[in-house]
Amino acid sequence: MVKTSLNFDENAGAKLLEAAKAAMISALECSANASSVHSSGRRARGFIEAARDHVGRVVGVGKDHVIFTSGATEAAALALSPVILKGRESLPVGQLYVGATEHPCVLSGGRLADRLTIVPVDANGVVDLEALSVLLDGHDMSTGVPMLALMLANNETGVLHPVAEAARLVKDHGGFVFCDAVQAIGRLPVDINALGVDFLSISSHKIGGPQGAGALVLAREDIRPKPLLTGGGQERGYRAGTENVAAIAGFGVAAEQVMNHLEDVESVARMRDRLEAGIQRISPDVQFAGAQVARLPNTTMCVVPGIAAETAVIAFDLEGIAVSSGAACSSGKISPSHVLQAMGFPAELSSSGIRVSLPADVSDVEIEQFLTAWRSIEYRLRPNQAA
Ligand code: PLP
């Protein structure tokens, strides 16, 4: 029997929206360079500018605040700039303070890797504001201004960080703030000005657009990072290189539609809570990382003692269900999740995190299907544990 396949790995990438696909096909059919002044070029430019408007609206700014990139990884690399350009001033960044549970594209520090300080999180995975405040008090302004990189919602646990409070602290110390909002867009209302951050990143493929597009959004046009890619002057000089018109067009349509999903937030949270209650009944010793604090409505990180996350992911795959391991996996080697480690989980449990991230339209039947699979995997992998 062919099993219905379930994608419970939404945080890795949402399904491409039909409307986004249609916009991409139209843009591909145009196939002109958006910098060309002839009519086909102007048509291609039209796709980009319409998308810019939609992406800006998602986070509460006008189109001129949006810089298109190849994705959120590049947006982070652009934001983590060695100097911040403020009006006519050029302010060197002395130290980058980074939340311990950031996505690797931020945690690596980018162009600021040589001046990076990790800001710890508590046992719930929430950034420690006291520790941040102490670090900022000790910041040496003679090296340059402080910069903070703090994500809005964690991709592994869904835990939300108090970005607005953290940004206020940084502003009191004359610094700048970059916020990775990739997982929050479409799941929470996000307003760059209410957050008080300077730069914010968005990824197209997390909101139903295509892979290979993203944006860095500036809160103010007069506070900018130093460009990462220079050359032909595209994206007003912030990001040179011929634009990927089709990907940007699809991204724009996804951004336009993303606000509609916000209504589904409560129902997804109810489904996630049902899922956790069902798992807990079958496997009483499972812990849900960060469950005591505010989280994304669709995400749960299940820490299952005695099961390597990779083994569980394969077992679910055989049941026709896509989930992911919290652990990063490179060259076939499982390494513990840095997020669970930062939360204080011991090494063996940090390799036992199974991330389940639900799509907005998940149904009761699908939750039951998942729980049936969980029970059978539990009996197979941990025969003495299942309740
Ligand atoms: N930040 C977070 C929180 C993510 O989850 C991801 C993707 O998994 C990224 C950044 C990187 O995004 P992109 O794939 O667009 O480079």
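Positions are given from 1 along the sequence. Remember, it's a predicted structure, so these values are computed and weren't measured experimentally.
G41 approaches A32 most closely through the heavy-atom pair N-CB, 3.7 Å. The two atoms that bring P210 and S204 nearest to each other are O-OG, 2.6 Å, heavy atoms only. The heavy-atom pair separating P336 from A347 by the smallest distance is CB-O, 4.3 Å. Contact record, R236 with D64: NH2-O, 2.9 Å, taken as the closest heavy-atom pair. Nearest heavy-atom pair, A14 versus G208, reported as atom, atom and distance to 0.1 Å: CB-N, 3.7 Å.
Annotation: ring pair (Phe, Tyr, Trp, His ring centres under 6.0 Å) contacts involving residues 51-96, sequence neighbours excluded, comprise F68-F251. The salt bridge (charged side-chain N to carboxylate O under 4.0 Å, His left out) contacts involving residues 252-261 comprise nothing, where partners must be two or more places apart or lie in separate chains. Sorted by first and then second residue, the side-chain hydrogen bond (donor to acceptor under 3.5 Å, both in side chains) pairs with a member in residues 24-33 form an empty list; sequence neighbours excluded. Residue pairs satisfying the salt bridge (charged side-chain N to carboxylate O under 4.0 Å, His left out) criterion with at least one member in residues 161-189, sequence neighbours excluded, are listed as follows: K171-D198.
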Only pairs under 3.5 Å count here: list side-chain donor-acceptor contacts from residues 288-308, not counting sequence neighbours, and write none if there are none.
unit_1	atom_1	unit_2	atom_2	d
R295	NH1	E276	OE2	2.8
R295	NH2	E276	OE1	3.3
R295	NH2	E276	OE2	3.3
N298	ND2	N11	OD1	3.0
N298	ND2	L358	O	3.1
T299	OG1	N11	ND2	3.0
T300	OG1	E276	OE2	2.6

Please list every donor-acceptor pair under 3.5 Å in which a side-chain atom of residues 43-51 meets a protein atom from a residue at least two apart or in another chain.
unit_1	atom_1	unit_2	atom_2	d
R45	NE	A34	O	3.2
R45	NH1	E49	OE2	3.0
R45	NH2	A34	O	3.2
R45	NH2	E243	OE2	3.2
E49	OE1	R52	NE	2.9
E49	OE1	K63	NZ	3.0
E49	OE2	R52	NH2	3.2

Donor-acceptor contacts under 3.5 Å from residues 136-148 side chains, at least two apart:
unit_1	atom_1	unit_2	atom_2	d
D137	OD1	H173	NE2	2.8
H139	ND1	Y97	OH	2.7
H139	NE2	G144	O	2.7
D140	OD1	S142	N	2.9
D140	OD1	S142	OG	2.6
D140	OD2	S142	OG	3.1
T143	OG1	D140	O	2.6

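Heavy atoms from other residues, nucleotides or ligands lying under 6.0 Å from CZ of R111 number more than 12. Around CD of Q341, the count of heavy atoms belonging to other residues, nucleotides or ligands within 6.0 Å exceeds 12.
With H103 contributing its side chain and C105 its backbone, the two residues share a donor-acceptor pair below 3.5 Å. Remark: side-chain polar atoms of Q280 are paired, donor with acceptor, to backbone N or O of V286 under 3.5 angstrom. Looking only at distances, a side-chain donor or acceptor of T157 sits under 3.5 Å from a matching main-chain atom of V159. Judged purely by atom type and a 3.5 angstrom limit, H338 uses its side chain to pair as donor or acceptor with the backbone of E102. At distances below 3.5 Å, not a single donor-acceptor pair connects side-chain atoms of S201 with backbone N or O atoms of A75.
In this structure the side chain of V83 never reaches within 4.5 angstrom of the side chain of L91, judged on heavy atoms. Put simply, the side chain of L16 does not reach to within 4.5 Å of the side chain of Q211, judged on heavy atoms. Contact of the I118 side chain with the L116 side chain is registered, since non-hydrogen atoms from C-beta on lie closer than 4.5 Å. Side-chain contact between E74 and L228 is present, with heavy atoms from C-beta onward closer than 4.5 Å. In this structure, the side chains of F199 and I192 stay at 4.5 Å or more apart for every pair of heavy atoms. Looking only at side-chain heavy atoms (C-beta outward), V356 and R272 stay at 4.5 Å or farther from each other. With contacts defined as side-chain heavy-atom distances shorter than 4.5 Å, the pair T372/Q369 does not qualify. In this structure, V127 and P162 have side chains that are in contact, with non-hydrogen atoms separated by less than 4.5 Å.
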- Task: Determine, step by step, whether E156 and T101 satisfy the side chain to side chain donor-acceptor pair (under 3.5 Å) criterion, reporting the C-alpha distance in whole Å, the side-chain angles of both residues, the deciding distance to 0.1 Å, and the verdict.
- Result: CA-CA 9 Å; E156 293 192 14; T101 59; over 6 Å; no
- Message: Go through it in stages, so that I can follow the logic: the residues are D361 and K15, the test is salt bridge (charged side-chain N to carboxylate O under 4.0 Å, His left out), and I'd like the CA-CA distance, side-chain angles, deciding distance and then a yes or no.
- Response: CA-CA 12 Å; D361 59 354; K15 192 164 174 256; over 6 Å; no
- Message: L195 vs L152, test: side chain to side chain contact (heavy atoms under 4.5 Å, CB included). Steps then yes/no.
- Response: CA-CA 9 Å; L195 288 173; L152 200 45; 3.9 Å; yes
- Would you please test Y238 and T69 for side chain to side chain contact (heavy atoms under 4.5 Å, CB included) and show each step? CA-CA 10 Å; Y238 290 121; T69 61; over 6 Å; no
- Query: side chain to side chain contact (heavy atoms under 4.5 Å, CB included) between L188 and V265: does it pass, once the steps are laid out?
  - Reply: CA-CA 8 Å; L188 308 169; V265 164; 5.6 Å; no
- Task: Applying side chain to side chain contact (heavy atoms under 4.5 Å, CB included), run through V59 and D191 and close with a yes or a no.
- Result: CA-CA 5 Å; V59 294; D191 181 319; over 6 Å; no
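Legend: residues meeting side-chain contact (heavy atoms from CB on, under 4.5 Å) with L17, ordered by chain and number and at least two apart, are A20, A254, Q257. Under the rule for a side-chain contact (heavy atoms from CB on, under 4.5 Å), the partners of S363 that lie at least two apart in sequence or sit in another chain are V365, E366. Take D9 and apply the side-chain contact (heavy atoms from CB on, under 4.5 Å) test, not counting sequence neighbours, and it matches N7, A12, A322, S324, R355, S357. Judged as a ring pair (Phe, Tyr, Trp, His ring centres under 6.0 Å), and not counting sequence neighbours, F178 has no contacts. Applying the side-chain contact (heavy atoms from CB on, under 4.5 Å) criterion to R220, with sequence neighbours excluded, gives D222, I223.
Using modelled atom types and a 3.5 Å distance limit, the side chains of Q95 and T117 yield a donor-acceptor pair.
With values rounded to the nearest 0.5 angstrom, F316 atom CZ is found 10.5 Å from L6 atom CG. One distance of note links CG of L78 with CG of L216; it measures 5.0 Å at 0.5 Å rounding. Rounding to the nearest 0.5 Å gives a distance of 4.5 Å between OG of S35 and CD of Q234. A distance of 11.0 Å separates CD1 of I84 from NZ of K86, quoted to the nearest 0.5 Å. Note that the CD atom of E319 and the OG atom of S5 stand 13.0 Å from one another [nearest 0.5 Å]. We find the CD-CG distance between E378 and L371 to be 12.0 Å, quoted to the nearest 0.5 Å.
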